[in-house]
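Inspection log for the structure reproduced underneath, given as structure tokens.
Note that the numbering runs from 1 along the sequence shown for the chain. Just so you know, ligand 1 is whichever comes first in the structure, and atom 1 is the first atom listed for that ligand.
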Amino acid sequence: FAKAEEKTKGPFEPKFEDYQKVYKTIAKLLEEKDDYDDGSYGPVLVRLAWHCSGTYDKETGTGGSNGATMRFAPEGDHGANAGLKAARDFLEPVKEQYPWISYSDLWILAGVTAIQEMQGPHIPYRPGRSDRDVSFCTPDGRLPDASKEQKHLRAIFGRMGFNDQEIVALSGAHALGRCHTDRSGYDGPWTFSPTTLTNDYFKLLVEEKWQNKKWNGPKQFEDVSTKTLMMLPTDLALVKDKSFKQYVDKYARDNDAFFKDFSDVVLRLFELGVPFTQGEDARWTFKSSFDEAA
Ligand code: HIF
């Protein structure tokens, strides 16, 4: 009987409503599992989505958010990906509940959900990623090295296809989360509200004084006023470099401009390397918990 029903129904073709359900499930889990880090898995989910996408190389078309190859040891063990198992494990029950979604679509959807649930802008999304085997793992060294500066940032993000303005807009994501000594070796959060997306990262970069932190760890900076916040060498490069700095100033002044540009560039980051069958006009915008409450 079940078989006959399957025949009349045809194969399951998930639609917007089905992905919105997955979004809701992730949002609910984020709310429930609040005993992690600063009270949310949101930041580490954003980092997972970005580290899948940021391996993209426009010359060869390799890497990017298609494939979810971080499931496999070579890529999962890359130094830059230390700690992301927490994010992948968090999403495992969601994958079990919705087996039809690919890991690669799920991880990016989780990044979108986390940004929206941390009060960021809407990030339009389209599915179409498929999981690939271990042979598609990218070589180590494609993600940025925090000890470097502007030349390195332009080389790494230029390889993905991003310009100066886009590098700065993306960087606002460091308003979220923190560094962990047992992951990257660095320590501390960038802002006082690491689970809410705001333009505070830019404000702090221009308004605060930053000094070398004296400690037994890699070179990083601390705010002179409270010594509780941090910046990486790559973060401070954005105010040292004139071309970058003009955008830091702009986003520090104007949160709406930051949100608009951030949404545009994250959307592109999350789509790198994906052979979509649906056009750009088929992107969906998911309702967040805040939209539902309104
Ligand atoms: Fe990060 N980033 N990132 N990053 N990142 C860390 C943590 C987060 C860089 C280095 C680090 C981006 C760019 C760069 C997030 C999101 C984004 C950590 C700390 C390091 C060292 C990891 C740890 O110890 O747990 C460098 C060098 C980048 C190039 C500029 C993106 C723009 C800002 C692309 C981006 O979206 C998030 C979120 C976190 C917090 C993770 C957490 O677990 O809290």
key: 2.8 Å shell around atom 1 (Fe) of ligand 1, exclusive bound, protein N/O/S atoms   = 1
inquiry  = Under 4.0 Å from a heavy atom of R183: which atoms of ligand 1 are those, numbered in the order shown and with their elements?
reply    = 23 (C), 24 (O), 25 (O), 43 (O)
inquiry  = Which residue is it: L176, T113, L109, L30? I am looking for the one with a side-chain contact (heavy atoms from CB on, under 4.5 Å) to L45.
reply    = L30
key: Numbered atoms of ligand 1 (with element) below 4.0 Å of F157, judged on heavy atoms   = 29 (C)
ask   = Any N or O of Y186 that comes nearer than 3.5 Å to an N or O of ligand 1?
value = no
Shortest non-hydrogen contact from V206 toward K245 = CG1-CE, 4.2 Å
message = Please give me the minimum heavy-atom distance between D223 and T226, naming the atom from each residue.
response = OD2-OG1, 2.5 Å
message = If we set the cut-off at 4.0 Å for heavy atoms, which region of L153 has an atom near ligand 1: side chain, backbone, both, or neither?
response = side chain
query = Which option out of L143, I156, V46, L232 puts a heavy atom nearest to atom 20 (C) of ligand 1?
reply = L232
query = What pairs meet the ring pair (Phe, Tyr, Trp, His ring centres under 6.0 Å) rule with one or both residues in residues 26-47, with sequence neighbours excluded?
reply = Y36-Y41, Y41-F90
Nearest heavy atoms of D133 and S135, plus distance in Å = OD1-OG, 2.5 Å
request  = Assess S171 for proximity to ligand 1: is some non-hydrogen atom of it under 4.0 Å away?
outcome  = yes
ring-ring contact (aromatic ring centres under 6.0 Å, His included) evaluation trace for W100 with Y19 = CA-CA 10 Å; W100 49 263; Y19 288 88; 5.1 Å; yes
task = Note the single closest protein heavy atom to atom 38 (C) of ligand 1, along with its residue, its atom name and the distance in Å.
result = P43 O, 3.3 Å
Ion pair R159/E59, N-O distance below 4.0 Å = no
query = Quick one: does NZ or CZ of R126 land under 6.0 Å from the six-membered ring centre of F276, within 45 degrees of the ring axis?
reply = yes
ask   = Looking at T234, which atoms of ligand 1 are within less than 4.0 Å of one of its heavy atoms?
value = 27 (C)
Test applied, side-chain contact (heavy atoms from CB on, under 4.5 Å); reference residue, H174; option that passes from L205, T191, L232 = L232
query = If every non-hydrogen atom of F221 is compared with every non-hydrogen atom of K219, which pair is closest and at what distance?
reply = CZ-CE, 3.5 Å
ask   = Going by an N to O cut-off under 4.0 Å, is there a salt bridge joining E222 and K214?
value = no
Sub-4.0 Å atoms of ligand 1 with respect to non-hydrogen atoms of V44 = 43 (O)
query = Are any of the N/O atoms in R178 less than 3.5 Å from those in ligand 1?
reply = yes
task = Could you tell me the residue and atom name of the protein heavy atom closest to atom 24 (O) of ligand 1, and the distance to it rounded to 0.1 Å?
result = S184 OG, 2.6 Å
remark   = Note: F262, heavy atoms under 4.0 Å from ligand 1, region reported as neither
message = So that I can tick it off, tell me whether K260 and D256 are bridged by a salt bridge, with the cut-off set at under 4.0 angstrom between side-chain N and carboxylate O.
response = no
Over-ring placement of R154 relative to F244, 6.0 Å and 45° cut-offs = yes
ask   = So which protein heavy atom does atom 6 (C) of ligand 1 come closest to, and at what separation?
value = W190 CH2, 3.6 Å
ask   = Which protein non-hydrogen atom lies closest to atom 19 (C) of ligand 1, naming both residue and atom, and how far is it?
value = C179 SG, 3.4 Å
ask   = Angle class for the F157/F162 ring planes (parallel below 30°, perpendicular above 60°, tilted otherwise)?
value = tilted
query = Please state which protein non-hydrogen atom is closest to atom 32 (C) of ligand 1 and give its distance, to 0.1 Å?
reply = L170 O, 3.2 Å
query = What residue and atom, counting heavy atoms only, is the protein's closest point to atom 43 (O) of ligand 1, and at what distance?
reply = H180 CE1, 3.4 Å
